[in-house]
Amino acid sequence: MKRNALLPLLTGITLLLSACGAVSNTPTADAADPAELSASLSAEASTEPSSRASDSYLRASDLTNSADSQTAAETAGSANSYSDLSVPTYLTKVDDTYFIVDCYHNQVIYHNNLTDPLWEWQVMTSDIDKGHTLASDGLVYLMDDTENNRILIFEKKGELFLHTQTFNEIGSRPHYIIYDEPSDTFYAWSSMSGEMYLFRHDPDDSRMYLTEIRTIDALSDTYVRSFSIIGDVIYFVSGIPGTPAIIEADLNTFEILNTYPVPDSMAGMIQLTKIENDYYLTISTDINGNQDYATILRTDNLATLSDGNYEDVYDRFIGGGTPYYITFIDNSYYLTEHRIPGHSIWQFQIRDGEISDVKTIY
């Protein structure tokens with residue numbers, strides 16, 4: 001599964017800052033021995049996981065109780081009741097199934113193709129409040145339940161996806177989650193607290209464990225919508241409030257390697273995606289939260305963004321909306337977008353720096 005390369009400030013910064021959650025770094029009673037855990041966490045972090053997640057962890061997932069499981073089973077796979085998407089944030093594909101995070105409809109839907117109308121899709125869950133992303137390693141499916149500060153875990157049972165586990169109190173507004181195959185780890189970003197939550201499971205078991213929490217202190221009070229892992233480096237896009245900049249850090253240690261200032265006009269970024277030799281930046285707002293500055297920019301050098309070394313490529317689409325996340329599926333790129341009726345998901349190609357074959361999917 002390939003690496004993937006959050007929401008507009010519709011009601012202003014105050015609304016975003018009002019959602020917060022407590023983080024517990026204390027192991028639960030069923031965690032590893034405290035002395036061993038302390039030694040493990042004080043050692044230098046590594047992308048090479050231990051042989052088993054259950055050998056050393058901060059806490060295990062909460063399993064859904066029988067009543068919740070029965071309710072989930074009764075509603076799983078129900079037909080999508082909407083004919084449109086309301087602020088879709090993420091499109092991905094796992095095996096032969098497509099998933100759309102339909103953020104403002106508070107649901108995740110799935111289907112086996114991108115041509116059937118949306119009312120023929122099925123609902124994976126509607127038990128989320130403004131979720132943004134979904135990630136899977138083929139065994140478990142993790143999604144962020146942003147406004148509830150939770151990570152939900154689903155498993156496929158026959159043809160249905162059932163909610164089997166939950167992690168509560170995951171930072172403040174968890175907003176972006178990916179599965180990193182080289183480290184066999186799920187990375188989940190708490191968008192308002194500068195914390196990254198790392199989750200793993202044992203090779204022979206779907207039970208999930210929170211194994212580590214890493215922090216970028218410079219982002220602790222800034223709304224940062226995503227991150228991008230490129231090789232051994234992790235990039236955090238510029239957020240607001242704060243000093244507009246992209247942060248480049250070592251993936252193993254989260255030590256900051258470089259800080260790339262950006263103009264105020266692109267302070268409220270969504271995502272950084274590297275395609276060929278260029279970096280593509282989806283922008284939601286300027287430093288004041290104004291969506292009139294929403295666009296897609298391209299540069300070949302992050303260090304010269306503040307000098308104006310970038311190209312606006314949003315006119316290759318329709319322009320005028322708010323582009324969100326870009327994903328790569330089956331040799332095509334996909335972009336989620338909102339504010340433009342009838343243009344929620346785009347498909348396109350990039351070859352030798354040229355954006356082509358742009359078309360609306362939904």
Side-chain angles (χ1 to χ4, degrees), residues 1-5 72-128 131-144 152-163 176-179 181 271 273 275 280 282 316-318 321-351 355-362:
M1 175 175 184
K2 298 180 182 291
R3 292 188 178 120
N4 294 330
E74 291 172 352
T75 60
S78 59
N80 175 31
S81 61
Y82 297 101
S83 60
D84 61 355
L85 298 168
S86 182
V87 189
T89 50
Y90 204 71
L91 169 70
T92 190
K93 184 182 182 185
V94 182
D95 297 326
D96 296 325
T97 303
Y98 295 92
F99 299 85
I100 297 174
V101 182
D102 193 6
C103 184
Y104 271 36
H105 280 151
N106 295 315
Q107 65 177 9
V108 175
I109 58 176
Y110 65 96
H111 199 49
N112 60 9
N113 65 70
L114 293 174
T115 56
D116 288 341
L118 291 166
W119 60 80
E120 293 187 14
W121 287 54
Q122 294 75 48
V123 176
M124 183 178 189
T125 184
S126 57
D127 186 29
I128 55 174
H132 288 75
T133 54
L134 176 147
S136 175
D137 63 356
L139 177 63
V140 292
Y141 299 74
L142 276 64
M143 65 182 67
D144 45 50
L152 307 183
I153 297 100
F154 286 73
E155 298 176 52
K156 190 172 185 180
K157 306 294 185 181
E159 297 300 316
L160 301 178
F161 296 92
L162 300 183
H163 176 200
Y176 192 75
I177 185 167
I178 67 165
Y179 172 65
E181 188 173 4
Q271 183 189 40
T273 306
I275 303 174
Y280 289 77
T282 49
R316 272 67 159 187
F317 300 85
I318 195 172
T322 299
Y324 226 73
Y325 290 133
I326 294 173
T327 51
F328 186 70
I329 303 170
D330 295 340
N331 299 314
S332 291
Y333 293 95
Y334 293 86
L335 169 72
T336 54
E337 181 183 59
H338 57 270
R339 288 203 303 160
I340 302 180
H343 298 282
S344 295
I345 296 179
W346 296 84
Q347 181 188 59
F348 62 100
Q349 299 289 332
I350 297 181
R351 301 186 186 92
I355 299 174
S356 63
D357 303 320
V358 178
K359 62 181 180 180
T360 301
I361 301 299
Y362 290 110

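- Tyr334 pairs by the side chain to side chain donor-acceptor pair (under 3.5 Å) definition with Gln347, not counting sequence neighbours.
- Under the side chain to side chain contact (heavy atoms under 4.5 Å, CB included) criterion, Ser86 pairs with Asp102, Tyr104, His105, not counting sequence neighbours.
- Looking at Leu91 and Leu114, their side chains come closer than 4.5 Å, going by heavy atoms from C-beta outward.
- Scored by the side chain to side chain contact (heavy atoms under 4.5 Å, CB included) test, Thr115 finds Asn113 as partners (sequence neighbours excluded).
- When the side chain to side chain contact (heavy atoms under 4.5 Å, CB included) test is applied to Thr282, the partners found at least two apart in sequence or on another chain are Ile270, Gln271, Ile296, Pro323, Ile326, Leu335.
- Here the CD1-OG1 distance, from Ile100 to Thr336, works out to 9.5 Å after rounding to the nearest 0.5 Å.
- Summarising the geometry of Arg351 relative to Ser356, their closest heavy-atom pair is NH1-OG, 3.6 Å, with the distance given to 0.1 Å.
- Judged by distance alone, with hydrogens and angles left aside, the side-chain atoms of Asp357 form no donor-acceptor pair with the main-chain N or O of Gln349 at under 3.5 Å.
- In this structure, the side chains of Val101 and Asp144 stay at 4.5 Å or more apart for every pair of heavy atoms.
- Considering only residues two or more places apart in sequence or on other chains, Asp84 meets the salt bridge (Lys or Arg N to Asp or Glu O under 4.0 Å) condition with none of them.
- Side-chain contact check for Met143 versus Ile128: some heavy-atom pair is nearer than 4.5 Å.
- A distance of 10.0 Å separates OG in Ser344 from NE2 in His338, rounded to the nearest 0.5 Å.
- Listed by first then second residue, pairs satisfying salt bridge (charged side-chain N to carboxylate O under 4.0 Å, His left out) with a partner in residues 108-117 number zero, not counting sequence neighbours.
- Side-chain atoms of Ile329 and Thr327, non-hydrogen and from C-beta on, do get closer than 4.5 Å to each other.
- Under the salt bridge (Lys or Arg N to Asp or Glu O under 4.0 Å) criterion, Glu120 pairs with no residue, sequence neighbours left out.
- Judged as a salt bridge (Lys or Arg N to Asp or Glu O under 4.0 Å), and not counting sequence neighbours, Lys156 has no contacts.
- Taking the six-membered ring where the residue is Trp, Phe161 and Tyr141 present perpendicular rings, their angle passing 60° and hence far from 30°.
- When all heavy atoms of Thr89 and Cys103 are compared, the pair lying nearest together is CG2-CB, 3.8 Å.
- Nearest heavy atoms, Asp127 versus Leu152: O-CD1, 3.7 Å.
- Annotation: the span from Met124 atom CE to Leu162 atom CG amounts to 9.0 Å, rounded to 0.5 Å.
- From Thr92, atom OG1 reaches atom CG of Leu134 across 7.0 Å, with rounding to the nearest 0.5 Å.
- Checked by atom type and distance alone, the side chain of Thr133 pairs as donor or acceptor with a backbone atom of Ile177 at under 3.5 Å.
- Note: Ile340 CD1 to Ile318 CD1 = 5.0 Å, rounded to the nearest 0.5 Å.
- Residue pairs meeting the salt bridge (charged side-chain N to carboxylate O under 4.0 Å, His left out) criterion with at least one member in residues 325-335, sequence neighbours excluded, are Lys93-Asp330.
- From Ile153, atom CD1 reaches atom OG of Ser136 across 12.0 Å, with rounding to the nearest 0.5 Å.
- Residues Asn112 and Asp96 have side chains not in contact (no heavy-atom distance under 4.5 Å, counting atoms from C-beta outward).
- In this structure Tyr362 satisfies the ring pair (Phe, Tyr, Trp, His ring centres under 6.0 Å) test together with Trp121, sequence neighbours excluded.
- Between Val358 and Trp346 the shortest side-chain heavy-atom distance falls below 4.5 Å.
- Checked against ring pair (Phe, Tyr, Trp, His ring centres under 6.0 Å), Phe348 has the following partners two or more places apart in sequence or in another chain: Phe317, Tyr333.
- A heavy-atom distance below 4.5 Å is found between the side chains of Tyr110 and Gln122.
- With sequence neighbours excluded, the residues that form a ring pair (Phe, Tyr, Trp, His ring centres under 6.0 Å) with Phe154 are His163.
- Put simply, the side chain of Thr322 never gets that close to the backbone of Arg339: no donor and acceptor are under 3.5 Å apart.
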